[in-house]
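In what follows, a single structure is set out as structure tokens and then discussed.
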Amino acid sequence: MTLTLTLPRPDDWHLHLRDGAVLKAVLPETARHFARAIIMPNLVPPVVSAADAAAYRDRILDALPEKMAFTPLMTLYLTEDSDPEDVTSAHASGLVTAVKLYPAGATTNSASGVRDFTRVRGVLEKMAEIGLPLCVHGEVTDAEIDIFDREAVFIDRVLDPLRRATPGLRVVMEHITTSDGVAYVKSAAENLGATITTHHLVINRNHILVGGIRPHYYCLPVAKREEHRLALREAATSGDPRFFLGTDSAPHTDPNKETACGCAGCFTATNTLSILAEVFEQDGALDRLAGFVSEHGPRFYGLPVNEDTITLSKGDPVTYPEKIDTGNGPITLFDPQMPLHWRVT
Ligand code: NCD
Ligand code: ZN
């Protein structure tokens with residue numbers, strides 16, 4: 001029986017750090033275990049220009065506790081007014097690692113996102129040319145499309161046409177939640193990867209709705225039926241390098257979650273690696289955990305795997321705090337509703 005597991009230090013390829021007091025509180029939760037993370041730009045106002053990204057990166061580095069090492073990989077929020085030249089120079093200077101596409105209105109702070117995809121054609125073509133990846137929130141926003149179908153419809157109506165129109169573009173389908181997403185990634189010849197969150201490997205839609213409405217399991221894309229969760233588990237634990245970890249750890253304070261119209265997002269930074277080790281062990285795939293958390297992401301992004309390592313060890317169940325405190329109020333940690341036996345030592 002494996003009791004310890006040493007992996008190259010993991011990275012998180014989709015993370016929300018927010019700003020101000022929340023940034024200060026959540027950043028150490030990620031930096032404790034992860035070397036790098038792709039930082040989501042959906043602040044208010046969003047991180048649109050290279051100057052915004054440079055200023056946000058400085059605020060992140062200022063908030064990092066002295067003894068911790070962490071590299072924020074910055075992204076730009078794509079709008080219909082994004083300037084191809086600004087995007088190009090932000091990439092050339094090494095400031096940004098990806099550009100993020102939010103369909104307008106799809107999720108938290110996405111109002112400045114894209115409505116008319118023809119208006120971002122120039123930027124996407126430039127990105128294909130310079131090899132800058134596009135991270136995609138893959139849900140349509142049409143009122144008549146059922147929320148549980150929005151990812152599958154997005155693939156057909158938006159993503160596939162967009163990829164065909166811009167053949168060299170490298171695309172990450174972020175936080176996929178369906179077997180349709182898994183199948184689409186597998187069917188693509190090249191240039192397509194997908195992140196999978198920790199929570200979507202653990203919960204299905206019953207966790208949100210059965211026995212009372214549970215706001216801390218509500219995130220976007222919303223968790224789907226059990227068959228979809230199983231497809232995600234299969235993809236994550238398969239060793240296929242097109243699938244890698246993006247936690248989408250998305251902190252919102254409790255008053256903003258536990259209310260009549262609660263925000264979407266699960267906060268998983270603190271216990272993600274314990275949960276993933278448990279999940280991979282349950283599926284007989286502990287030997288593939290390193291691929292998912294440490295190797296496949298850098299390979300997609302053309303970055304080196306971290307030289308540093310972390311060690312997980314198995315023992316009595318580990319407990320984590322129910323909440324973390326921030327200067328803006330408490331944030332509830334994702335509860336996987338199962339004992340966790342692996343801790344990062
Ligand atoms: C994210 C957030 O809160 O910023 N919420 C979420 O449910 N995942 C936005 C996002 O990634 O969709
Ligand atoms: Zn997100």
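Atoms within each ligand, like the ligands themselves, are counted from 1 in listed order.
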Near Cys219, which atoms of ligand 1 are under 4.0 Å from a heavy atom of that residue?
7 (O)
Using a 3.5 Å cut-off on N or O atoms only, is Thr108 in polar contact with ligand 1?
yes
Counting only heavy atoms, which portion of Arg18 has something under 4.0 Å from ligand 1: side chain, backbone, both, or neither?
side chain
Would you mind checking if Arg150 and Asp142 are paired as a salt bridge, meaning a charged N to carboxylate O distance below 4.0 Å?
no
Determine, for Phe148 and Arg205, whether the Lys NZ or Arg CZ falls below 6.0 Å from the six-membered ring centre while staying within 45 degrees of the axis.
yes
Using heavy atoms and a threshold below 4.0 Å, how should the contact between Asn42 and ligand 1 be classified: side chain, backbone, both, or neither?
side chain
Shortest protein heavy-atom distance from atom 1 (C) of ligand 1, along with the residue and atom involved
His16 NE2, 3.5 Å
Determine whether any heavy atom of Glu174 lies closer than 4.0 Å to an atom of ligand 1.
no
Which pairs count as side-chain hydrogen bond (donor to acceptor under 3.5 Å, both in side chains) when at least one residue sits in residues 222-236, sequence neighbours excluded?
Thr177-Lys224, Ser179-His228, Lys186-Glu234, Asn204-Glu226, Glu226-Arg229, Arg233-Gln282, Arg233-Asp283
Looking at atom 8 (N) of ligand 1, what's its closest protein heavy atom, distance included?
Asp248 OD2, 2.7 Å
How many protein N, O or S atoms are found at a distance of less than 2.8 Å from the Zn ion (ligand 2)?
3
Is a salt bridge present between Glu125 and Arg121, judged by a nitrogen-to-oxygen distance below 4.0 Å?
yes
Quick one: look up the protein heavy atom nearest atom 5 (N) of ligand 1 and list residue, atom name and how far away it is.
Ala264 O, 3.1 Å
Applying a 4.0 Å heavy-atom criterion (strictly less than), which segment of Met40 is in contact with ligand 1: side chain, backbone, both, or neither?
neither
Part of His252 with heavy atoms under 4.0 Å of ligand 1, whether side chain, backbone, both or neither:
side chain
In the protein, which heavy atom is nearest to atom 9 (C) of ligand 1, and how far is it?
Thr107 OG1, 3.3 Å
Under 3.5 Å: donor-acceptor pair, side chain of Thr345, backbone of Thr311:
yes
Please determine if Arg170 and Glu190 form a salt bridge, counting it only when a charged side-chain N lies under 4.0 Å from a carboxylate O.
no
Counting from 1 in the order shown, the ligand 1 atoms closer than 4.0 Å to a non-hydrogen atom of His14 are 11 (O)
Proximity to ligand 1 by part of Ala250, non-hydrogen separation under 4.0 Å
side chain
Thr253 side-chain N/O to Ile331 backbone N/O, donor-acceptor pair under 3.5 Å
no
Should the heavy atoms of other residues, nucleotides or ligands under 6.0 Å from NZ of Lys24 be counted, would the total exceed 12?
no
